[in-house]
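As C-alpha cells, the structure follows; a few thoughts come after it.
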Amino acid sequence: MSTHTFVLNGEQVTVDVDDDVRLLWVLRDVLGVTGPKYGCGINVCKACTSHVNGKAFNPCSVRVGDVRPDDEITTIEGLPDTVGADLHPMQEAWLAHDVAQCGYCQPGQIMAAVAKVRQARAQGREIADADLDEIRNICRCGTYHRIREAIKEGAAHM
Ligand code: FES
Ligand code: FES
C-alpha cells in the first residue's frame with residue numbers, strides 16, 4: 001500500500017492503495033464516486049470517461065500511482081460546480097433532448113461531450129460534425145442521434 005493524493009471534484013483527497021490499482025476502482029470502490037461507470041476496464045467502451053485537468057480521460061486505464069498530487073480529476077458529480085450551477089449546460093441539453101435510455105453510458109457521454117467542446121474552443125472554433133464523429137463512447141441503447149443533437153445545443157450554452 002502507498003498513499004496517493006490528488007484533487008477530486010475540487011477537494012483534495014488522499015487514498016491508501018497499491019500503485020497499480022486503476023483510478024476507476026479508487027474512485028468507485030474507495031471514494032464512493034460512482035458516476036464514472038465500469039464497462040470494459042480496458043479503455044474501449046469509454047463509460048468511465050471523466051476529466052483530468054479539463055481534458056477527457058479514462059480512469060480505468062490509469063494507475064493511481066501515475067496520478068500527480070496537483071492533478072484535478074472531475075467526474076460527472078463535479079461537473080456542475082465547474083460552472084457554478086445546479087447542472088452544467090450540457091446536462092441541461094441532455095434533459096431537453098431526453099437523451100438517456102438505460103442511462104449507463106450517459107455520464108461518460110456528457111463528460112466526453114464537454115471535453116470535445118472545450119478542445120474545439122481551445123483551437124479557436126466551434127464544435128463540428130467531424131468532432132462528434134471522433135467521440136468513441138459506446139451506447140448499447142443506440143441513443144447516438146439524440147446525443148449529437150444535445151451536444152450541439154449544450155455547446156451553444158457553454
Ligand atoms: S470502463 Fe473505462 S473505457 Fe470501458
Ligand atoms: S443509454 Fe443505455 S447504454 Fe447508452
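Every number for a ligand or one of its atoms is a count from 1 in the order of the listing.
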With heavy-atom distances below 4.5 Å as the criterion, would you say the side chains of [X] and [Y] are in contact?
X: Gln109; Y: Ile151; result: no
X: Lys37; Y: Cys60; result: no
X: Leu23; Y: Val52; result: no
X: Gln119; Y: Lys55; result: no
X: Val67; Y: Val62; result: yes

**OP:** List the steps, then state whether side chain to side chain contact (heavy atoms under 4.5 Å, CB included) holds for Arg125 with Asp131.
**Re:** CA-CA 11 Å; Arg125 59 184 182 80; Asp131 297 304; 2.8 Å; yes
**OP:** Among Ser61, Cys40, Pro59, find the residue that satisfies the side chain to side chain contact (heavy atoms under 4.5 Å, CB included) test when tested with Cys48.
**Re:** Pro59
**OP:** Take atom 4 (Fe) of ligand 1 as the centre and count protein N, O or S atoms at distances under 2.8 Å.
**Re:** 2
**OP:** Please say which of Asp19, Asp66, Thr14, Asp18 ends up in a side chain to side chain donor-acceptor pair (under 3.5 Å) with His4.
**Re:** Asp19
Original post:
Side chain of His97, backbone of Val99: donor and acceptor closer than 3.5 Å?
Top reply: no
Original post:
Hey, which protein N/O/S atoms does atom 2 (Fe) of ligand 2 have under 2.8 Å?
Top reply: Cys102 SG, Cys141 SG
